[in-house]
Amino acid sequence: MYRGPLTRGGTLAAGALSVVVLAACGTPADGTEPSSGSTAEGYPVTVETLFGDVVIEDRPENVVAMGWSDAETALALGVQPVGVADWQAYGGTGVGPWATDLFEEEPAQLATLEPNLEAIAALEPDVILDTRSDHTQERHDLMAPVAPVVGPPPGVEVTYGTTWQQQTRQVAAVLGEDERGEELVAELEGRFEQIREDHPEFADTTIAVGAYFDGQYGAYVPGDSRVDLLQELGFQYKSEITDMAEGAFYVDLSQEMLEVLDADLTIVFPIGDTAQDLHEDPVLQGIPSAEDGRLVVMDDLELANAFSSGSALGVSYALDGIVPLVQEHLQD
């Protein structure tokens, strides 16, 4: 299985720099917390995570967003992170164009797969958001000396498998914006419900979702935000690919295995390559869904990025383009 940054995986290789971290964060070397003034209303709060309960003593002012689309989620809730891990290589503010204008100042860019503790500590974070990542104890423990690390909620099993609803609620709890978080969830779930009502035919349609990166095809499975989005629209997923993934969010596919992507509707997009490669690939174009005009090659980079974002803002943006796109191919 490919485990590079663009398909969201990888191993962590970094050493603990606890003395540097504690000094940078203003925590005495003996580990005691510095005294503070009055606490904001509603704090402290306890957030349940995959790695145990995390206590946020006061409303965070310096927020570092390390998880996939954590920054976009914080922005949707009215908070501008001081540091952002740019998982999708946007550059600039490190978030998609549907969110970038919500920044007043450009945040610091931070590494994704291998967190740089000195760079994070220099920002003096009050909290580190890491609600969608590889979900390893190693990654969590590496960053924990810097500031409280809020990972995914309990029960998330697939790596990078935190849903946009879970992410929104998790980040909202940290930021003291639970009410706004529920409003965002209700608004977007309402859009999904309306689309399902408008397109009942989606419920009778099977889907497969693939990507092409560095000459290698792969397929996403339920638990990945892209597949989850389509399932929320009513589409049904092929279980054969899920079985192949063995608990991961993504599975590599050789050319000989590409036919497993055949479904009533197949969606494939390039990562770092051009869509033309997919249009001209005789193997991909030879699977039944392609021959029948039911293959969607997503060649709009902005739409593909929104499709992959997994944030409430990105998903909402993606729906505007994906719904007419799949409808067009199903009608052909």
Side-chain angles (χ1 to χ4, degrees), residues 7-8 67-70 72-73 76-77 88 96 98-99 131-132 152-153 155-172 180-211 219-242 245 247-250 261 263-269 289 294 296 298 300 302-331:
T7 55
R8 299 189 291 181
W68 185 286
S69 71
D70 278 333
E72 293 185 6
T73 304
L77 294 163
Q88 292 185 258
W98 46 87
T131 72
R132 185 185 291 131
V156 176
E157 298 178 355
V158 176
T159 55
Y160 298 88
T162 307
T163 67
W164 66 263
Q165 294 97 325
Q166 290 172 319
Q167 184 177 54
T168 300
R169 289 176 171 133
Q170 199 80 333
V171 174
R180 176 56 182 153
E182 290 303 320
E183 289 175 353
L184 289 172
V185 170
E187 179 180 343
L188 188 48
E189 286 185 340
R191 284 200 67 190
F192 276 106
E193 183 178 2
Q194 185 61 57
I195 292 170
R196 289 194 299 269
E197 290 180 5
D198 293 342
H199 299 281
E201 70 275 13
F202 290 174
D204 299 320
T205 304
T206 61
I207 56 162
V209 184
Y220 297 99
V221 301
D224 176 79
S225 59
R226 285 151 279 225
V227 175
D228 289 351
L229 183 158
L230 294 169
Q231 287 185 308
E232 285 189 79
L233 290 175
F235 291 100
Q236 305 299 312
Y237 196 77
K238 290 187 64 177
S239 61
E240 179 185 1
I241 303 176
T242 303
F249 72 96
Y250 183 86
L261 288 174
D264 293 334
L265 180 71
T266 302
I267 298 178
V268 180
F269 61 95
S289 56
R294 294 176 283 103
V296 178
M298 194 177 291
D300 182 330
E302 192 166 293
L303 179 58
N305 281 336
F307 183 46
S308 299
S309 70
S311 72
L313 292 176
V315 168
S316 181
Y317 185 94
L319 290 178
D320 292 336
I322 288 174
V323 172
L325 185 62
V326 299
Q327 188 180 16
E328 174 188 346
H329 282 76
L330 291 175
Q331 291 176 342

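Considering every non-hydrogen atom in both Leu330 and Asp264, the closest pair reads CD2-O, 4.1 Å. Contact record, Ala318 with Leu229: CB-CD1, 4.3 Å, taken as the closest heavy-atom pair. The two residues Leu261 and Ala219 make their nearest non-hydrogen contact at CD2-CB, 3.9 Å. For Ser311 against Gly314, the heavy-atom pair with the smallest separation is OG-N, 2.9 Å. Among all heavy-atom pairs drawn from Ser309 and Glu72, the shortest one is CB-OE1, 4.0 Å.
The closest side-chain heavy-atom distance from Pro152 to Gln166 is not below 4.5 Å. Between Asp70 and Val171 the shortest side-chain heavy-atom distance falls below 4.5 Å. Between Thr73 and Thr131, the closest side-chain pair of non-hydrogen atoms is not below 4.5 Å.
A side-chain donor-acceptor contact under 3.5 Å links Arg132 to the backbone of Gly310. Side-chain atoms of Asp224 never come within 3.5 Å of backbone atoms of Phe249 as a donor-acceptor pair (strictly under, hydrogens ignored). Panel note: side chain Gln236, backbone Gly234; a donor-acceptor pair is recorded below 3.5 Å. Remark: the backbone N or O of Ala172 is not paired with any side-chain donor or acceptor of Arg180 at under 3.5 angstrom.
Taking CD of Glu183 as the start and CG of Leu77 as the end, the distance is 10.0 Å to the nearest 0.5 Å. Once rounded to the nearest 0.5 Å, the distance linking CD of Glu232 with CG of Leu319 reads 8.5 Å. Taking CD of Gln327 as the start and CG of Leu265 as the end, the distance is 11.5 Å to the nearest 0.5 Å. With rounding to the nearest 0.5 angstrom, the CD atom of Glu197 is 5.0 Å from the CD atom of Glu193. A distance of 8.5 Å separates OG in Ser225 from OH in Tyr220, rounded to the nearest 0.5 Å. Taking NE2 from His199 and CG from Leu233, the interatomic distance works out to 9.0 Å, rounded to the nearest 0.5 Å.
No donor-acceptor contact under 3.5 angstrom links the side chains of Gln167 and Trp68, judged on distance only. Between the side chains of Ser308 and Arg226, at least one donor N or O sits under 3.5 Å from an acceptor N or O.
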**Asked** Given the rule in the side chain to side chain contact (heavy atoms under 4.5 Å, CB included) test, do Asn305 and Tyr317 qualify, once you have shown the distances and angles that lead to the verdict?
**Response** CA-CA 10 Å; Asn305 281 336; Tyr317 185 94; over 6 Å; no

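When the side-chain contact (heavy atoms from CB on, under 4.5 Å) test is applied to Ala312, the partners found at least two apart in sequence or on another chain are Trp164, Thr168, Leu188.
Just one residue in the list Val227, Asp228, Leu230 forms a side-chain contact (heavy atoms from CB on, under 4.5 Å) with Tyr237, and that residue is Val227.
Between Phe235 and Phe202, the two ring planes are parallel [angle under 30°; tilted spans 30° to 60°].
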